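All of these numbers come straight from a predicted model, not from anything done at the bench. Read the numbers this way: they start at 1 and go in the same order the structure lists the ligands and their atoms.
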Amino acid sequence: MSVLPRRFKRIKSVLNRRIQDLTVLVEGVSKPHNLSAILRTCDAAGVFEANFICKKNEVKTFNSTAQGSQKWVNLNNHSSSIDAAKKLKKKGFKLFGTTLNKKSIDYRKLDFTQNTCFILGAEKWGLSDDLLAEVDECIYIPMYGMVQSLNVSVAASILLFEAIRQRDRVGLLPKNGEGIDQQKYQKTLFEWAYPEIKDSYKENNYEYPEIDENGEICK
Ligand code: SAM
């Protein structure tokens, strides 16, 4: 059983545009429709992996709003906010905490063309003080209405697509797979093309086989 050529072409064209150095870290967002909408936006923007803080015994639930985007965006679950922030910093990400405090800078004044992580907070309480202490920059999206804040998934969309706009302007949007490292590219290509058999490779600790330019598994 092989992946259909048309399907393989589509998978490759999406993967070719995926971006590893643009991500979100989501803290405390609990409503499935918000989590789902954030993930769907990540997929649409070309984000390769998204980060969630998932405390013990907590299961992140996505609903139909996600439109299956959880299959196309890698999910990193972190057990604590500090842990997540430290890991992302170690990977070279600059952490932009979204919050409406006095130190916050208008997002339109900042550069998101490299190693960008937007940190998004809970529906009711926003970001925790612990996490705010770890961020490199606090940012906000200016608003002119009566309501105090945007829906979290709307804020995520505005920021991610601003990063995409900036990168497009300076020719930094990947087109041929250069946005993710080669090993991850090959691994993901196999997992996307052959989702029904990838688990059996994993369970048996087998390396994924190579696939050729038509999506056929090389013997
Ligand atoms: N009372 C909360 C607070 O003070 O942060 C409001 C939380 S808001 C409903 C949920 C999340 O959406 C925030 O933590 C932030 O990530 C994002 N958000 C909402 N409005 C925003 C804005 N104007 N600028 C940046 N982020 C915003």
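In this structure, Tyr107 has its ring center no closer than 6.0 Å to that of Phe112. Taking the six-membered ring where the residue is Trp, the centroids of Tyr208 and Tyr194 are separated by 6.0 Å or more.
Ser81 and Asp130 share no donor-acceptor pair across their side chains, judged by distance under 3.5 Å alone. Judged by distance alone, the side chains of Ser157 and Thr41 do bring a donor and an acceptor atom under 3.5 Å apart.
Contact residues for ligand 1 (protein heavy atom closer than 4.0 angstrom to any ligand atom): Thr98, Leu100, Leu120, Gly121, Ala122, Glu123, Lys124, Trp125, Gly126, Tyr140, Ile141, Met143, Ser149, Leu150, Val152, Ala155.
Note: Leu39 CG to Leu75 CG = 5.5 Å, rounded to the nearest 0.5 Å.
Qualifying salt bridge (charged side-chain N to carboxylate O under 4.0 Å, His left out) partners for Arg40, counting only residues two or more places apart in sequence or in other chains: none.
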